[in-house]
Enquirer: 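Starting off with a structure, shown below.
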Protein chains: 2
Amino acid sequence: MTTIADVAALAGVSVATVSRTLHGSARVDPRTREKVRAAAAALNYVASPTAMSLASGRTNVVAVVAPLMSRWFFATIVVTIEQELRKQGYHALLIILEGEGEDSGMRMEMFAKRVDGILSLNVRPSPAELAMLERLRLPIVAVGMPLGRWPRVHIDDAAAVRSAVEHLVSLGHRDIGYVGTSDISYAHMSTPSVRVEAFHAAIDESGLTPHPEWAIASEWTADAAARRVEQILRAEHRPTAILAASDEMAVGVIGAARWIGLEIPDDVSVMGIDDHTFAAVLGLTTIHQDVRAQGRAAVALLVSAMRGETPTTPDVEIPTYLIARETTAPLAPTDAT
Amino acid sequence: MTTIADVAALAGVSVATVSRTLHGSARVDPRTREKVRAAAAALNYVASPTAMSLASGRTNVVAVVAPLMSRWFFATIVVTIEQELRKQGYHALLIILEGEGEDSGMRMEMFAKRVDGILSLNVRPSPAELAMLERLRLPIVAVGMPLGRWPRVHIDDAAAVRSAVEHLVSLGHRDIGYVGTSDISYAHMSTPSVRVEAFHAAIDESGLTPHPEWAIASEWTADAAARRVEQILRAEHRPTAILAASDEMAVGVIGAARWIGLEIPDDVSVMGIDDHTFAAVLGLTTIHQDVRAQGRAAVALLVSAMRGETPTTPDVEIPTYLIARETTAPLAPTDAT
DNA sequence: TTGAAAGCGTTACCAT
DNA sequence: ATGGTAACGCTTTCAA
């Protein structure tokens, strides 16, 4: 393997000078610089990241921590994050908490010393883990739920849910169901509870009669949502509209309606939240969230923190908006309920 | 930061002994071992991965290279891979080629020295990149398309396409369309061409009249497929069945049919390949592939290679099978075409 | 079984 | 502007 010493020898300078010209921004004589560059190129020299890290204390790696990857939101934001990090000269170490026990504290210690910073995607740490993160003294940026007092990029989940409910109410719906409460334990995730609470609040604000039995728990997948929603859709007295806490679950609701024989939106209106890639093609009414913007903002925040800058905007909120498509319609005047 | 020297001092032994007890499997006196363990625990000692790497030459990191992440296959296999790697004591460095120019050779040199091995997910490198990989002398395992002479885990794409066509033919369809040819350039990806070739071959084998105009190119997304398939679905003479090269595109076909006003499967049968999470709930007939099995096999292969073992099975094929659901049906006797 | 010490390849401080 | 040279924290060979 060719080392910095080889380059130094070929260029006729010291290793210190090679290091400076190649990385350090220190002033180097243009001619020296050229000699070194030429030597490095000739030898096809690539510095050892490992040695650089040990000597400098920086790794140029960022841990990207996510509870899951099999969901649209995470898969989407991770590609943006990887691209943005790359532009800034960082690599992404992927940490997926899925299948991890309650305490992933040990896990964090395992990668802590490998990275210069942490990007936490909707992770809800235990108090012990929080303390542990605190102790690492690493720059951290959270996406989604708040994480301690670290800078955060997020959407207004409550507002998203509220505007969804308002849309349905404006169409005349008064019997609204909801899929995606958090009864089912979701380690490391907290979006579910925020959204369901917003749902109940929105129902109250709209002056509708609450129907707690129509707010059902479900894993956040299409499959699970379909199975869970089937019961309330089959009931004699059923909601005329269903809001799913995610588009993925909304797809499940659409599937359930189909196999039950209910027409959408004639028999039941369905909407989701996210604006999943499939939403447009399936005609799903939803609340759009700009995932790429969240990824970009998060990386920008983290990079500036890793450079030692104090974040000017410790809280970035990315706006969401309603996209009305074909799965929602005004309540039919002759309603079966 | 607490270093190995601190632990050694507290335990009253040398740093060499600490290193041995903590990592090296060398024989250490049980009592010494205990003293060291206690000291390490008391000090909350975690070895510096960076220093370990520099000294040992191993990084315990594996590069997971994928052309994309926004598609079901990649997102799904990456979580399995991350979990399996973790079990074996490795971390996953995520490299997404998306948006990269033709030559990502430079990219590879950037991370090569950071990792002990490479997991290449359906990446099609340029000859120059291949040579570069060769030069790295790193253990590599490919998933999907073949990559040089490295061990590989894959499904039989041709067989999958063939059984899909056979299914449609057995239902009486003779006018079969196909979405997902590779006219549109797909850097770093080669599944498209393999599948489309298999499609044409299967049509031939079945003795059907080829309709090249019904084999259409499309980006591998639901949106694009919907737009692209619309034209042939609106034509006076249209196929009675459409095979999409992926379930994601099949969803697009379903969407297009819906907005054109075509009933599925009465007016047109639709099927995909993959068995995407949404397939079951949407009733999509498809060819199932076990993505997790592919991920597990790939990691097993790579780990054994990184341990210096010669792979016993340099080529692992994971079986696929047809799942007939509700988007395909026998050709209606009174066919409009 | 244990310890001493020579690396591992860079960075960064201190001279010059 | 450049060079010499301690670190950086650990592994591993060689002796004891």
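All of these numbers come straight from a predicted model, not from anything done at the bench. Naming convention: chains lettered A, B, ... in sequence-line order (proteins, then strands); numbering from 1 in each chain. All values below come from the heavy atoms of this structure, side chains included, with hydrogens, waters and symmetry mates left out.
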Enquirer: Rounded to the nearest Å, what distance is computed from the CG atom of residue A/L43 to the P atom of nucleotide C/dG9?
Expert: 15 Å
Enquirer: Would you say B/S56 places a side-chain N or O within less than 4.0 Å of OP1 or OP2 belonging to D/dT11?
Expert: no
Enquirer: A/S14 and A/T17: side-chain hydrogen bond (donor to acceptor under 3.5 Å, both in side chains), yes or no, with the steps?
Expert: CA-CA 5 Å; A/S14 72; A/T17 300; 3.3 Å; yes
Enquirer: Mapping A/T3 and A/R20 to their closest nucleotides on DNA chain C, which lands nearer the 5' end?
Expert: A/T3
Enquirer: Given D/dG3, is OP1 or OP2 found less than 4.0 Å from the side-chain N or O atoms of A/T17?
Expert: yes
Enquirer: Side chain of A/D29: nearest nucleotide among C/dG3, D/dA1, C/dC8?
Expert: D/dA1
Enquirer: Which of the following nucleotides, C/dG3, D/dC10, D/dG9, is nearest to the side chain of B/M1?
Expert: D/dG9
Enquirer: For A/V15, answer base if it contacts any base atom (sugar-phosphate contacts may also be present), sugar-phosphate if it contacts only those atoms, and nothing otherwise; contact means non-hydrogen atoms under 4.0 Å.
Expert: base
Enquirer: List the steps, then state whether side-chain hydrogen bond (donor to acceptor under 3.5 Å, both in side chains) holds for B/H154 with B/N122.
Expert: CA-CA 9 Å; B/H154 63 108; B/N122 239 317; over 6 Å; no
Enquirer: Would you tell me if any nitrogen or oxygen in the side chain of B/R58 comes within less than 4.0 Å of OP1 or OP2 on D/dT12?
Expert: yes
Enquirer: Where the side chain of B/S48 meets the backbone of B/A51, is there a donor-acceptor pair that is under 3.5 Å apart?
Expert: yes
Enquirer: For B/H23 and D/dT11, what is the distance between atoms NE2 and P respectively, to the nearest whole Å?
Expert: 5 Å
Enquirer: For B/K35 and C/dG3, what is the distance between atoms NZ and C1' respectively, to the nearest whole Å?
Expert: 13 Å
Enquirer: Ion pair present between B/E34 and B/R31, side-chain N to carboxylate O less than 4.0 angstrom?
Expert: no
Enquirer: Could you tell me the separation between the NZ atom of A/K113 and the P atom of D/dG9, rounded to a whole number of Å?
Expert: 9 Å
Enquirer: What nucleic acid atoms does A/R31 come within less than 4.0 Å of, heavy atoms only: base, sugar-phosphate, or nothing?
Expert: nothing
Enquirer: Counting distance only, does the side-chain N/O of B/D116 pair as donor-acceptor with the main-chain N or O of B/T59 below 3.5 Å?
Expert: yes
Enquirer: Contact class for B/A16 vs. all strands (heavy atom < 4.0 Å): base, sugar-phosphate, or nothing?
Expert: base
Enquirer: Tell me the interatomic distance from A/I4, atom CD1, to C/dG7, atom P, rounded to whole angstroms.
Expert: 19 Å
Enquirer: Roughly, in whole Å, what's the span from CZ in B/R114 to P in C/dG9?
Expert: 16 Å
Enquirer: Let me know the distance between CE of B/M52 and C1' of C/dG7, rounded to the nearest Å.
Expert: 17 Å
Enquirer: Quick one: label A/S48 by what it contacts on the DNA or RNA (base, sugar-phosphate, nothing), any heavy atom closer than 4.0 Å.
Expert: sugar-phosphate
Enquirer: Within the pair B/S19 and D/dT11, is there a side-chain N or O less than 4.0 Å away from OP1 or OP2?
Expert: yes
Enquirer: Could you say whether B/T32 or B/L54 is positioned toward the 5' end of DNA chain C, judged by the nucleotide with the nearest heavy atom to each?
Expert: B/T32
